[in-house]
Visitor: 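Structure in structure tokens, see below.
Here is how names work: the chains are called A, B, and so on, in the same order as the sequence lines, proteins then strands, and each is numbered from 1.
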Amino acid sequence: MTVLHVKGLSAAYRKNTVLDNVTFQVAKGTLTGIVGPNGAGKSTLIKTLLELHPRIAGDVHVFGSPLKKVKSRIGYVPQRGSVDWDFPTNALDVVMMGLYGQIGWLKPPRSTHKKKAMEALDKMGMADYAGRQISQLSGGQQQRVFLARALVQDAELYFMDEPLAGVDAATERAIMLTLQSLKASGKTVMVVHHDLQTVDQYFDHVLLLNRTVIDHGKTEEVFTQDNIIRTYGGALRRIKGDESLAYTASK
Amino acid sequence: MSYTAWILLTAVLVGLSCSLIGVFLILRKMAMMADAISHTVLLGIVTAYLITRSLSGVHMLIGAIVAGLLTSILVQWLNNRGVQQDASIGVVFTTLFAIGVVLISTSVGNVHLDVQHALMGEIAFIPWKTINVPILGEIPEATLLLLVVLIIVIVAIIAFYKEWKITSFDPALAASLGIPVAAMHYLFMGLVSVTTVASFDAVGAIMVVAMLITPAASAYLWTDRLLVMLGLSGGFGMVSAGIGYGIAVLLDTSISASMAFATGIIFLLSFLLSPVHGLLGRKLRPPKPIEDAQTAHI
Amino acid sequence: MKALHILLLSNTQWVLFSTMLLGMAAGMIGCLAYWKRQSLMSDALSHAALPGIVISFMLLGYKNMFVLIIGAAISALLGACLIQWVTVASRVKEDSAMGIVLSVFFGMGIMLLTIVNRTAGGNQGGLDNFIFGQAATMVRSDVDMMMFLALIVILIVTILFKEWKLFLFDPSFAQGLGMSLRGMNLLYTFVLVLTIVMGIQAVGVILMAALLIIPSVSARYWTQSFGWMVALSAIFGGLSGAIGTVVSALGTGWPTGPFIVIVAATFFAVSLIFGKHKGWLVQKLELREKQKEAKRPSQQHLSRKILKEEG
């Protein structure tokens with residue numbers, strides 16, 4: 001079953017086209033990695049899909065309907081960069097923010113919401129840190145809290161923008177385990193990913209993006225050397241001398 | 001020289017000194033710091049008066065420098081203790097200014113400063129208070145002070161041009177080259193204080209800010225070269241002073257306020273019509289496209 | 001004795017109550033401004049309100065508080081729009097744009113004020129009081145208006161509390177949940193301008209920013225919860241407003257603004273030193289504790305040492 005259908009999506013920043021005629025479908029229960037070079041439009045793709053950024057052209061259907069009707073079934077984990085880490089709030093509070101959509105505007109949170117938030121923190125191994133100020137958490141711990149915030153939304157389709165950027169190995173494992181369990185329970189996850197080396201390990205599907213879709217589909221079919229070169233352009237050098245897909249693009 | 005000529009000369013001197021310093025102020029993103037110092041020099045002047053019981057120019061200058069440096073130091077200190085930059089500036093200058101106003105209005109120690117004067121200056125009175133100087137003869141005290149300050153400003157800019165240029169654009173690089181960034185900063189702040197207090201008599205606290213920031217910002221919209229920017233800023237400063245005086249005479253209103261208003265007009269025109277960086281320029285030349293990044297992360 | 005006598009006057013009580021409410025509202029909005037990293041914007045907007053006040057007076061011919069406040073609001077909003085426009089549409093940075101609007105608008109205000117004062121002869125309608133504030137000249141209708149506006153501001157912050165928290169902490173995520181960032185920004189500007197124009201009467205254009213900045217910075221030293229920060233800020237602001245007004249009433253013709261600011265600054269100094277969270281004293285004590293701990297060898301280490309020595 002197709003949960004996401006994108007057709008001819010285009011977007012721009014000022015006068016520069018950042019997304020050009022993007023078309024792809026995503027099936028239910030898949031874990032898709034979105035890869036591409038800097039400036040390829042990966043973050044913009046997510047923002048445009050979610051109508052956080054204006055669309056120039058194209059159609060987006062989620063669960064067969066236009067976005068407005070199904071917003072509550074979608075979860076979004078933005079990049080960590082925009083947050084003010086000095087802000088006086090603790091881990092539990094941050095996770096509760098994920099429930100604001102369910103609580104409703106103008107209404108206060110209830111104890112049931114608090115319980116849900118604690119459960120989500122627990123799933124990410126952060127239950128002991130519920131009362132800790134976010135400024136006192138490590139990068140990996142902060143990311144786990146943001147994942148918990150996404151989990152608590154109980155969405156069916158998740159968009160995550162570079163959730164593994166700047167986290168330690170243990171956190172990376174924990175996050176990927178969580179994503180795998182989401183997939184196992186029938187949820188669909190799309191992740192903007194920066195590390196080419198781990199794509200075939202982590203994702204069953206991949207979307208190669210450089211302003212437009214270079215290719216998309218099952219990782220084993222689509223994540224080929226040719227496609228990577230087409231996506232990243234320029235000369236790619238192998239830094240490991242064998243079959244392992246270790247590439248670096250030269251300037 | 002005639003009465004009007006003295007006033008115009010004084011106004012032009014204010015415009016020139018402030019607008020030259022202003023170039024570095026806006027490049028270092030310290031516009032609000034200038035706003036802060038222009039308020040706290042009031043306390044400096046009042047304190048200087050309380051201590052020395054005289055309103056002589058030199059004492060006021062020293063009071064102002066101390067106030068300006070104190071402001072910088074306190075803001076820096078608060079910032080280091082975790083208070084945001086903007087808020088640090090806000091706390092320090094409003095408190096110091098409030099203390100200054102209280103000292104004046106409660107006449108503690110009989111401070112005979114008029115608050116209105118401190119705020120708005122009264123350039124019209126300047127030609128009356130003269131001082132005898134060899135060679136030049138009788139010239140107004142405030143004008144003389146401004147002339148001296150202008151010379152100091154020009155000399156300082158020439159002497160420290162390279163250092164201030166680097167520390168404005170890349171303090172990290174400057175530090176690595178062995179340039180004393182902090183010293184340059186405080187030196188600069190001292191210069192701002194001196195210029196501010198010299199202009200006080202003429203235009204008062206708040207309009208000094210207009211003279212410091214606006215001509216420089218206007219110049220910023222016309223050129224990418226620092227030297228040209230300094231020249232243009234100075235020019236705009238002088239022209240604003242002249243136009244402001246004209247408006248004030250026409251409408252029979254405060255000269256300093258009109259000068260501030262004139263700087264605004266020049267800025268508006270630059271903002272709209274500069275073919276380099278104004279709106280007109282942006283319409284004529286579309287912005288450059290984002291370069292393709294061909295590097296992949298590993 | 002004079003102070004007590006003043007406190008007994010019912011008019012003073014009303015004025016006190018209104019400056020207290022003003023302080024509370026300003027304290028709360030100040031917290032929002034702090035986390036939006038726009039503390040000094042309130043300074044720029046306060047100064048920008050002056051020409052609006054004078055023009056309203058010139059158009060009307062006499063002092064009507066309601067009309068003056070509308071004029072102030074329009075002028076301040078115009079200033080806010082210009083700052084935004086210049087920052088977005090040119091290479092001039094936000095701080096410069098604020099400095100320009102602040103001084104040029106204020107200059108315009110003084111130009112017009114001078115004309116008004118000269119033509120009408122004498123202190124026309126007490127417009128000069130808008131520069132440093134004079135709560136004592138407020139009449140009953142002014143007081144009522146101020147209380148009404150203050151209550152609106154306090155309500156907006158309280159009812160939408162969790163929305164403000166989300167908006168300030170993580171606007172991208174908030175947008176993802178469906179919050180309109182533009183709507184929140186507009187609402188924020190609205191309450192900010194409302195607070196500024198209502199406070200100008202009591203504190204004056206020049207020092208209004210102080211009431212928005214100082215209480216919230218003081219509150220930061222006592223708590224790590226956003227909710228408590230807003231509450232404490234309201235308390236500090238309210239007390240500063242009330243106490244400052246009383247002190248300024250002790251002398252004839254003393255402006256209210258500077259005294260309110262000094263009271264607020266005193267609270268700040270106390271918070272800086274004694275505050276539970278990052279206050280100077282607390283940090284010193286914590287440092288000493290840690291230093292003592294480091295000197296004390298751990299029990300385990302000691303027993304291991306003994307075992308080794310015993311062979």
Side-chain angles (χ1 to χ4, degrees), chain B residues 25-26 29-35 39 78 81-91 94-95 97-102 105-106 115-116 119-120 206-214 216-217 220-221 247-248 251-254 256-261 263-265 267 271 277-279 282, chain C residues 34 37-44 47 85-86 89-115 118 128 131-132 206-207 209-214 216-217 220 251 253-255 257-262 264-265 268 272 278 280:
Chain B
L25 269 172
I26 71 161
K29 301 206 189 72
M30 305 196 78
M32 291 317 266
M33 199 55 194
D35 180 39
H39 286 69
L78 267 185
R81 303 204 83 249
V83 180
Q84 285 173 18
Q85 178 74 357
D86 264 19
S88 308
I89 296 178
V91 171
T94 51
T95 307
F97 184 68
I99 295 176
V101 174
V102 163
S105 43
T106 59
V115 178
Q116 298 284 72
L119 278 189
M120 264 83 79
I206 297 165
M207 265 65 88
V208 169
V209 180
M211 271 303 172
L212 283 168
I213 311 282
T214 322
Y220 192 43
L221 293 173
I247 296 179
L251 298 177
D252 187 24
T253 182
S254 156
S256 58
S258 308
M259 280 167 56
F261 180 63
T263 65
I265 296 188
F267 178 75
F271 175 67
H277 290 297
L279 290 186
R282 291 210 168 184
Chain C
Y34 184 83
R37 298 182 176 270
Q38 287 191 334
S39 292
L40 282 176
M41 184 68 76
S42 42
D43 191 31
H47 284 73
W85 191 29
V86 168
S90 82
R91 63 200 283 213
V92 174
K93 306 291 184 292
E94 190 180 60
D95 68 308
S96 300
M98 293 201 309
I100 294 173
V101 165
L102 187 157
S103 53
V104 172
F105 270 58
F106 187 77
M108 270 175 25
I110 297 291
M111 268 174 80
L112 297 168
L113 187 60
T114 315
I115 294 177
R118 280 184 193 164
D128 285 346
I131 303 196
F132 284 117
I206 301 183
L207 292 170
L211 204 54
L212 282 155
I213 299 177
I214 304 183
S216 51
V217 176
R220 186 79 182 94
W254 287 2
F259 290 96
I260 294 182
V261 173
I262 292 181
F268 172 69
L272 190 63
K278 283 206 204 160
W280 179 84

Visitor: If I compare all heavy atoms of B/Ala260 with all of B/Ala210, which pair ends up nearest, and what's the gap?
Guide: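 Looking at all heavy atoms of both residues, the shortest contact is CB-CB, 3.6 Å.
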Visitor: What part of B/Leu78 gets closer than 4.5 Å to chain C, counting heavy atoms only: side chain, backbone, both or neither?
Guide: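 Side chain only.
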Visitor: Any donor and acceptor pair, going by atom type alone, linking the side chain of B/Ser254 with main-chain N or O of C/Met111 inside 3.5 Å?
Guide: no
Visitor: Given the options C/Ile100, C/Val92, C/Val261, which has more heavy-atom pairs under 4.5 Å with chain B than any of the others?
Guide: C/Ile100
Visitor: If we define contacts as heavy-atom pairs under 4.5 Å, which of B/Thr94, B/Thr253, B/Leu251 has the most with chain C?
Guide: B/Thr253
Visitor: Would you sort out whether C/Ile262 and B/Thr95 count as a side chain to side chain contact (heavy atoms under 4.5 Å, CB included), showing the intermediate values?
Guide: CA-CA 6 Å; C/Ile262 292 181; B/Thr95 307; 5.6 Å; no
Visitor: Give, as side chain, backbone, both or neither, the part of C/Asp43 having an atom under 4.5 angstrom from any heavy atom of chain B.
Guide: side chain
Visitor: Does some side-chain heavy atom of C/Arg91 sit less than 4.5 Å from a side-chain heavy atom of B/Tyr220?
Guide: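 The answer is yes, as the side chains (C-beta and beyond) meet within the 4.5 Å cut-off.
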Visitor: Which region of B/Leu279, side chain (C-beta onward) or backbone (N, CA, C, O), has a non-hydrogen atom less than 4.5 Å from a non-hydrogen atom of chain C, or is it both or neither?
Guide: side chain
Visitor: So, using ring-ring contact (aromatic ring centres under 6.0 Å, His included) as the criterion, who are the partners of C/Phe259 when residues are at least two apart?
Guide: C/Trp254
Visitor: Rounded at 0.5 Å granularity, tell me how far NE2 in C/His47 sits from CD1 in C/Ile131.
Guide: 9.5 Å
Visitor: Donor-acceptor check, side chain of B/Asp35 to backbone of C/Gly99, threshold 3.5 angstrom: yes or no?
Guide: no
Visitor: For the interface with chain B, which of C/Ala265, C/Ser96, C/Ala97, C/Ala264 has the highest count of heavy-atom pairs at distances below 4.5 Å?
Guide: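 It is C/Ser96.
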Visitor: Side chain from CB out, backbone as N, CA, C, O: work out which of these in C/Val86 comes under 4.5 Å of a heavy atom of chain B, or both, or neither.
Guide: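 Backbone plus side chain of C/Val86, per the 4.5 Å heavy-atom cut-off to chain B.
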Visitor: For C/Ser39, is there any backbone N or O sitting under 3.5 Å from a side-chain donor or acceptor partner on C/Ser42?
Guide: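 Confirmed, C/Ser42 side chain pairs with C/Ser39 backbone.
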Visitor: Based on non-hydrogen pairs under 4.5 Å, which of B/Val209, B/Leu25, B/Ile89, B/Ile247 is most in contact with chain C?
Guide: B/Val209
Visitor: May I ask you to name which of B/Met32, B/Arg81, B/Met33, B/Gln84 has the most heavy-atom pairs under 4.5 Å with chain C?
Guide: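 Looking at each of B/Met32, B/Arg81, B/Met33, B/Gln84 in turn, B/Gln84 comes out on top.
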Visitor: With a 4.5 Å cut-off on heavy-atom pairs, point out which of C/Leu113, C/Val101, C/Ile260, C/Leu207 contacts chain B the most.
Guide: C/Leu207
Visitor: Name the region of C/Phe268, side chain, backbone, both or neither, that has any atom closer than 4.5 Å to a heavy atom of chain B.
Guide: side chain
Visitor: Could you tell me which portion of C/Leu212 (side chain, backbone, both or neither) has an atom closer than 4.5 angstrom to a non-hydrogen atom of chain B?
Guide: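 Answer is neither: C/Leu212 stays 4.5 Å or more from chain B.
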